Amino acid sequence: QVRLYESGGGSVQTGGSLRLSCVASGLPDKNYDMAWFRQTPEQKEREEVAAIYTELGKTYYSDSARGRFAISQDIPKNTVYLQMNNLRPDDTAMYYCASGRAGIRGRLYWDRFFDFGQGTPVTVSS
């Protein structure tokens, strides 16, 4: 059974940085793809933030995250990171780590991330 443990959330001011970490256990193999999603209390569904197609080493970002956030992974440690820079108040949300077989024939499918952690909160004040 896949289990994901997020950490690193907190409160920062606009322009600040945070680094989220997610340790995974129970992954079926090293090529499982990893991602970060986020959700505010007003949203019905989680919002895509960043993902990594592990087999190809390709990264994907939402328009909001591109240029400010960076996803990376340490495969031997089963850990994925999200470095978030130049944070804004609209980045305030619960951030969730996710895993799945999302990369198929060179394309990443965001709806194929099926396992999620409990989340870590991020608050950005103005």
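Count residues from 1 along the sequence. Owing to the predicted nature of the structure, the values given are computational and were not obtained by experimental measurement. Values below: all heavy atoms of this structure, side chains included; hydrogens, waters and symmetry mates excluded.
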Review point. Is V23 linked to M94 within one hydrophobic cluster, defined over Ile, Leu, Val, Met, Phe, Trp and Tyr using a side-chain heavy-atom separation of less than 4.5 Å?
Key: no
Exercise for review: Answer whether the closest heavy-atom distance between the side chains of M84 and V122 falls below 4.5 Å.
Suggested key: yes
Check your understanding: Any side-chain heavy atom of Q1 sitting closer than 4.5 Å to one from R3?
Key -> yes
Practice item. Examine L108 and I52 and state if one hydrophobic cluster contains both, with Ile, Leu, Val, Met, Phe, Trp and Tyr joined whenever side-chain heavy atoms are less than 4.5 Å apart. Key: no
**Study point:** Heavy-atom pair with the smallest gap, counting every atom of W110 and A50
**Key:** CH2-C, 3.5 Å
Review point. Nearest 0.5 Å, what's the CG-CD distance between D33 and Q73?
Key: 8.5 Å
Review point. Same cluster for V12 and L82 if Ile/Leu/Val/Met/Phe/Trp/Tyr side chains link at under 4.5 Å?
Key: yes
Check your understanding: Are V2 and M34 connected, step by step, through hydrophobic side chains (Ile, Leu, Val, Met, Phe, Trp, Tyr) whose heavy atoms are closer than 4.5 Å?
Key -> yes
**Study point:** Within residues 51-100 or reaching into it, pairs that qualify as ring pair (Phe, Tyr, Trp, His ring centres under 6.0 Å) - sequence neighbours excluded
**Key:** none
Exercise for review: Quick one: closest heavy-atom pair of G106 and L56, and the distance?
Suggested key: CA-CD1, 3.8 Å
Check your understanding: When rounded to the nearest 0.5 angstrom, what distance separates OG in S17 from CZ in R68?
Key -> 10.5 Å
Review point. Got S64 and D91 here, is their nearest side-chain heavy-atom distance under 4.5 Å?
Key: yes
Revision key, fill the gap. Between T14 and S126 the two heavy atoms that sit nearest each other are OG1-CA, 3.4 Å
Practice item. Please round to the nearest 0.5 Å and tell me the distance separating atom NZ of K58 and atom CD1 of I71. Key: 14.0 Å
Point to revise | Residue pairs involving residues 52-126 (criterion disulfide bond (SG atoms under 2.5 Å apart); sequence neighbours excluded) | key: C22-C97
Study note, to complete from the structure: F113 and G100 have their tightest heavy-atom pair at CD2-N, 3.7 Å
Study note, to complete from the structure: Minimal heavy-atom distance between D115 and L4, with the atoms involved, is O-CD1, 3.4 Å
Review point. Is the side chain of R46 donor-acceptor paired with the backbone N or O of Q39 at a distance under 3.5 Å, no angle test?
Key: no
Practice item. Mind checking the CZ-CD spacing from F37 to Q43? Nearest 0.5 Å is all I need. Key: 12.0 Å
**Study point:** Nearest-0.5 Å distance, OG1 of residue T120 to CZ of residue R38
**Key:** 14.0 Å
Check your understanding: Considering only heavy atoms from C-beta outward, does the side chain of L20 approach that of E6 to under 4.5 Å?
Key -> no
Study note, to complete from the structure: OG1 of T54 to CG of D29, rounded to nearest 0.5 Å, is 9.0 Å
Exercise for review: Please examine the side chains of N78 and S25, heavy atoms only from C-beta on, and report whether any two atoms are closer than 4.5 Å.
Suggested key: no
Point to revise | Neighbour count >12 (heavy atoms, 6.0 Å) for atom NZ, K77 | key: no
**Study point:** Residues forming a ring-ring contact (aromatic ring centres under 6.0 Å, His included) with Y32, sequence neighbours excluded
**Key:** none
